[in-house]
Amino acid sequence: MTQTKTIYAAFSAHIAAALDALEAAGTLPAGLNRGAITVEPPRDPAHGDLATNAAMVLAKPAGTNPRALADALVAELVKVPAVASAEIAGPGFINLRVAPEAWLAELAAIGALGADYGRSAVGGGTTVNVEYVSANPTGPMHMGHCRGAVVGDALASLLEWAGHKVIREYYVNDAGGQVDVLARSAHLRYREALGEDVGGVPEGLYPGDYLIPVGQALAAEFGDAYAKAPEGEWLALFRARAVAAMLDQIKADLALLGIRHDLFSSEAELQAAGKPEEAEKWLRAHDLVYDGHLEAPKGKTPEDWEPVELPLFRSTRFGDDQDRPIKKSDGSWTYFGADMAYHFQKAQSADALVDIWGADHAGTVKRIKAAVAALTGGEDGKGKPFEVKLVQMVQLLKGGEPFKMSKRSGNFVTLADVVEMVGKDVVRFTMLTRKPEAQMDFDFDKVVEASKDNPVFYVQYAHARIRSTLRKAEGEGFAPADSDLALLGAEELELVKVAAQFPRLVEAAAAAREPHRIAFYLYDLAAAFHAYWNLGNDKPEKRFIVAQDAALTGARLYLASQIGQLVRNGLAILGVEAVEEM
RNA sequence: GCGCCCGUAGCUCAGCCGGAUAGAGCAUCAGAUUCCUAAUCUGGGGGCCGUGGGUUCGAAUCCCGCCGGGCGCACCA
């Protein structure tokens, strides 16, 4: 994997070197904490290309005032060739202008690194397990699963770009009551396939047509052997067959979105292997599980409430409201009991864990975080890094009105339907145009709109324009060339400046676990490109192809080519195809 | 009642680890098309960053209270 040395990193090093020089000269005490120093593009471009707060941050501990320290720093910084100018502003900011040669070097770096430009080593090769989707294997994927699937998948790619090893994992909840319901529903379809008139699907079973082929397959495999048999004879068998069929379906649905997990972990297998028992034993030994009485639910008092003694995990020690049962009164594991063991298992093979959950599970975040902290860190130690990212609801709309599908497939809008209607790339990009913890509307009419209102098309269009231009140029005998990049002027450098932010953005987005930042960046990059493009409307000499100037054309085509590369890199993180033409 | 998320321009939303005069799109107003794709671009107007305190050189950002919206709150998954 190639590491990108960003221009920002280079300037951080310049500033560090300047501080070293001041220390050596005795101007600055040695050993000051430089952790709070930032180097970033100022909000207002008039303040230059980069600004640092170094003087403000260090003035107090150094026993001097920001302006005086800034003066000394500036004197050092102006010696650096890549620094075109350095001046003090405001309360003590140092505003830097980057020499054009340094920007052109960055442009050349994009060309040299190509599809790897933006990859970073900040992750240090540590392994992050990202668990996402994990929909119950009781039916096809529906839109409720979609956002988490896309966010999780994009996050996984983003973490890879930032230098992590990533495990993409799916937890298969194949041990709970709902898969028994699935088995019974499949049995009904099985009898139906044998010719029995089963009437309608009774309340409490899954009504969707998607179980019809499962019933037919069971009928073909087993004949009428289980048609009249008591449930005990077929439940486990039918459950296994139905779950397998549903998982195949889910994998096919995910494939439509371009998602493929590395690992599918079965809750049933986890339990069969005795993992929850192991966790319980360890927790009991550390007084983190005890037999106690569950409190009555808060806020409402169920009429049939009875206190029962259950094994409880002391999640209150980690900030939860109450201790949580890990087993039910019938002796089987609660979802939480098994999930706890599952997270412990995941932690064995990863340095950090990330779960992507629907917001409807927000209430259980504290207990699982408590469990991970306990199992990976002991009762008071700090556990492995573990984050739960909550993905908020998506409201489906069409023309501003709530959208309802036919009930043919079982009373929900399937992911497959949506992908068929609007396409994979639109689904993926649109899901990433909002931060995940904010609710979002998904309007079928708006997301397929081919205009700049629609970020997907806006970004795609920028790429298509670039490719189109390069094709046309090739037809006219021009090719991108990096031999005369110095011919590029201020307007072209503006584009390079936006491009140069990509590597640090990847790092920041990965650190924050926020892939949506890439989508917003691509929009900004596309806007910068479109803006430059339109200079050519008024001024033909600003177009990429200037027929009478082969050297300039070559340099501009090189720029265009690298911007196109960057769009592809960003889209690759998001799992969206870059198109050749619109 | 409790927990979590959200509250930024008329609308939909960004705002990176606290940084300078808070940004973008839509809508609105005024402009640009003999052109590599105008599916685009340029400019104007539009703000008590829900609200009241606190922390400090500095707060949309961090902390606390309150208001409003969403989600959740049994041994379900």
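Proteins come first, then strands; the chains are lettered A, B, ... in the order of their sequence lines, and each starts at number 1. Quantities reported herein were computed from a predicted structural model and do not represent experimental measurements.
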Pair up each side-chain donor or acceptor in residues 459-466 of chain A with any protein partner under 3.5 Å, not counting sequence neighbours, and list the distances.
{"unit_1": "A:Gln460", "atom_1": "OE1", "unit_2": "A:Val579", "atom_2": "N", "d": "3.2"}
{"unit_1": "A:Gln460", "atom_1": "NE2", "unit_2": "A:Glu577", "atom_2": "O", "d": "2.8"}
{"unit_1": "A:Tyr461", "atom_1": "OH", "unit_2": "A:Arg465", "atom_2": "NE", "d": "3.3"}
{"unit_1": "A:Tyr461", "atom_1": "OH", "unit_2": "A:Arg465", "atom_2": "NH2", "d": "3.3"}
{"unit_1": "A:His463", "atom_1": "ND1", "unit_2": "A:Val579", "atom_2": "O", "d": "2.8"}
{"unit_1": "A:His463", "atom_1": "NE2", "unit_2": "A:Arg568", "atom_2": "NH1", "d": "3.0"}
{"unit_1": "A:Arg465", "atom_1": "NH1", "unit_2": "A:His530", "atom_2": "ND1", "d": "3.0"}

*Give me the ring orientation class for A:Trp533 and A:Phe529: parallel if the planes are under 30° apart, tilted from 30 to 60°, perpendicular past 60°.*
tilted
*In whole angstroms, how far is the P atom of B:U37 from the CE atom of A:Met582?*
13 Å
*Rounded to whole angstrom, note down the C1' distance from B:G23 over to B:C49.*
12 Å
*A:Lys328 side chain, from C-beta outward: closest of B:A20, B:A39, B:A77*: B:A77
_Any side-chain N or O of A:Trp533 below 4.0 angstrom from OP1/OP2 of B:A38?_
yes
*Side-chain ion pair, A:Glu492 and A:Arg556, N-O less than 4.0 Å*: yes
*Assign a letter to each nucleotide of nucleotides 5-15 of chain B from its 5' end: B, base within under 4.0 Å of a protein heavy atom; S, sugar-phosphate only; -, no contact.*
SSS----SSSS
*Could you list the residues that satisfy salt bridge (charged side-chain N to carboxylate O under 4.0 Å, His left out) with A:Glu309, not counting sequence neighbours?*
none
*Does A:Thr334 have a side-chain nitrogen or oxygen under 4.0 Å from the phosphate oxygens OP1 or OP2 of B:C75?*
no
_Please pick, from B:C75, B:A39, B:G19, the nucleotide with the shortest atom-to-atom distance to any side-chain atom of A:Met56._
B:G19
*Side chain of A:His47 only, please: which of B:A20, B:C75, B:U40 is the nearest?*
B:A20
*Is A:Arg97 salt-bridged to A:Glu87, cutoff N-O under 4.0 Å?*
no
*Can you tell me, in whole Å, how much space there is between the C1' of B:G15 and that of B:G54?*
24 Å
*Please state the C1' separation for the pair B:C13 and B:A22 - nearest whole angstrom.*
14 Å
_Interatomic distance at C1', B:A32 relative to B:A20, whole Å_ = 34 Å
*Interface with RNA chain B, restricted to residues 523-531 of chain A and to heavy atoms under 4.0 Å*: A:Tyr523, A:His530, A:Ala531
*Relative to the 5' end of RNA chain B, which residue comes earlier, A:Asn53 or A:Glu581, by the nucleotide with the nearest heavy atom?*
A:Asn53
*When the C1' atoms of B:G19 and B:A60 are considered, how many whole Å apart are they?*
13 Å
*Take atom C1' in B:C17 and the same atom in B:U61, then report the distance between them in whole Å.*
11 Å
*asked:* Has A:Asn53 got a side-chain atom pairing as donor or acceptor with A:Met56's backbone, closer than 3.5 angstrom?
replied: no
*Once you round it to whole Å, what is the distance between P of B:C76 and CH2 of A:Trp333?*
13 Å
*In whole angstrom, give the distance that lies between atom CG of A:Asp538 and atom C1' of B:A38.*
12 Å
*Using the test salt bridge (charged side-chain N to carboxylate O under 4.0 Å, His left out), find all partners of A:Glu494 that sit at least two apart in sequence or belong to another chain.*
A:Lys497
*What interatomic distance, in whole Å, is found between P of B:G68 and the corresponding atom of B:C62?*
23 Å
*Would you please name every residue forming a side chain to side chain donor-acceptor pair (under 3.5 Å) with A:Asp445, sequence neighbours left out?*
A:Lys398
*Given B:U40, B:U37, B:A20, the nucleotide with the shortest approach to the side chain of A:Ser468*: B:U37
*What's the closest nucleotide to the A:Glu40 side chain, out of B:C36, B:A20, B:C16?*
B:C16
*Between the side-chain atoms of A:Asn95 and the base atoms of B:A20, is any donor-acceptor pair under 3.5 Å?*
yes
*asked:* Pairing donors with acceptors under 3.5 angstrom, does anything connect the side chains of A:Gln178 and A:Thr138?
replied: no
*Can A:His361 be classed as stacking with the base of B:G72, given a centroid separation cut-off of 5.5 Å and a plane angle cut-off of 30°?*
no
*Identify all stems in which RNA chain B takes part, counting only runs of at least 3 consecutive pairs (Watson-Crick or G-U wobble, each distance under 3.5 Å), and give each as one range with another, ordered by first number.*
B:1-7 with B:67-73, B:10-13 with B:23-26, B:28-32 with B:40-44, B:50-54 with B:62-66
Please tabulate, for side-chain N and O atoms in residues 512-526 of chain A, each donor-acceptor pair with protein atoms closer than 3.5 Å (sequence neighbours left out).
{"unit_1": "A:Arg513", "atom_1": "NE", "unit_2": "A:Glu387", "atom_2": "OE2", "d": "2.7"}
{"unit_1": "A:Arg513", "atom_1": "NH1", "unit_2": "A:Ala510", "atom_2": "O", "d": "3.2"}
{"unit_1": "A:Glu514", "atom_1": "OE1", "unit_2": "A:Arg517", "atom_2": "NE", "d": "2.8"}
{"unit_1": "A:Glu514", "atom_1": "OE1", "unit_2": "A:Arg517", "atom_2": "NH2", "d": "3.0"}
{"unit_1": "A:Tyr521", "atom_1": "OH", "unit_2": "A:Val498", "atom_2": "O", "d": "2.7"}
{"unit_1": "A:Tyr521", "atom_1": "OH", "unit_2": "A:Ala499", "atom_2": "O", "d": "3.3"}

*For RNA chain B, whose closest nucleotide is more 5', that of A:Pro41 or that of A:Asn136?*
A:Pro41
*asked:* Test of understanding: with salt bridge (charged side-chain N to carboxylate O under 4.0 Å, His left out), list the residues that count as partners of A:Asp180, not counting sequence neighbours.
replied: A:Arg239
*Considering only the P atoms, how many Å lie between B:G18 and B:C63, rounded to the nearest integer?*
10 Å
*With ring centroids as reference points, do A:Phe93 and A:His47 lie under 6.0 angstrom apart?*
no
*Residue list, salt bridge (charged side-chain N to carboxylate O under 4.0 Å, His left out) with A:Glu541, at least two apart or on another chain*: none
*asked:* Rounding to an integer number of Å, can you tell me how far A:Leu312 CG sits from B:C75 P?
replied: 9 Å
*asked:* Nearest to the A:Arg465 side chain among B:C36, B:A20, B:U37, which nucleotide is it?
replied: B:U37
*Could you tell me the separation between the OH atom of A:Tyr335 and the P atom of B:C73, rounded to a whole number of Å?*
14 Å
_Sub-4.0 Å heavy-atom contacts from residues 548-568 of chain A onto RNA chain B, ordered by number_ = none
*Could you state the atom-to-atom distance from CG of A:Asn537 to P of B:A32 in whole Å?*
12 Å
*Identify which nucleotide among B:C75, B:C4, B:C36 has an atom closest to any side-chain atom of A:Phe544, counting heavy atoms from C-beta outward.*
B:C36
*Give a yes/no answer on whether the side chain of A:Tyr461 brings an N or O atom under 4.0 Å of OP1 or OP2 in B:C41.*
no
*Please determine which of A:Val133, A:Asp355, A:Leu270 meets the side-chain contact (heavy atoms from CB on, under 4.5 Å) test together with A:Tyr171.*
A:Leu270
*Do NZ/NE/NH1/NH2 and the carboxylate oxygens of A:Asp538 and A:Arg543 come within less than 4.0 Å?*
no
*asked:* If the condition is ring pair (Phe, Tyr, Trp, His ring centres under 6.0 Å), which residues does A:Tyr170 pass it with, not counting sequence neighbours?
replied: A:His261, A:Phe264
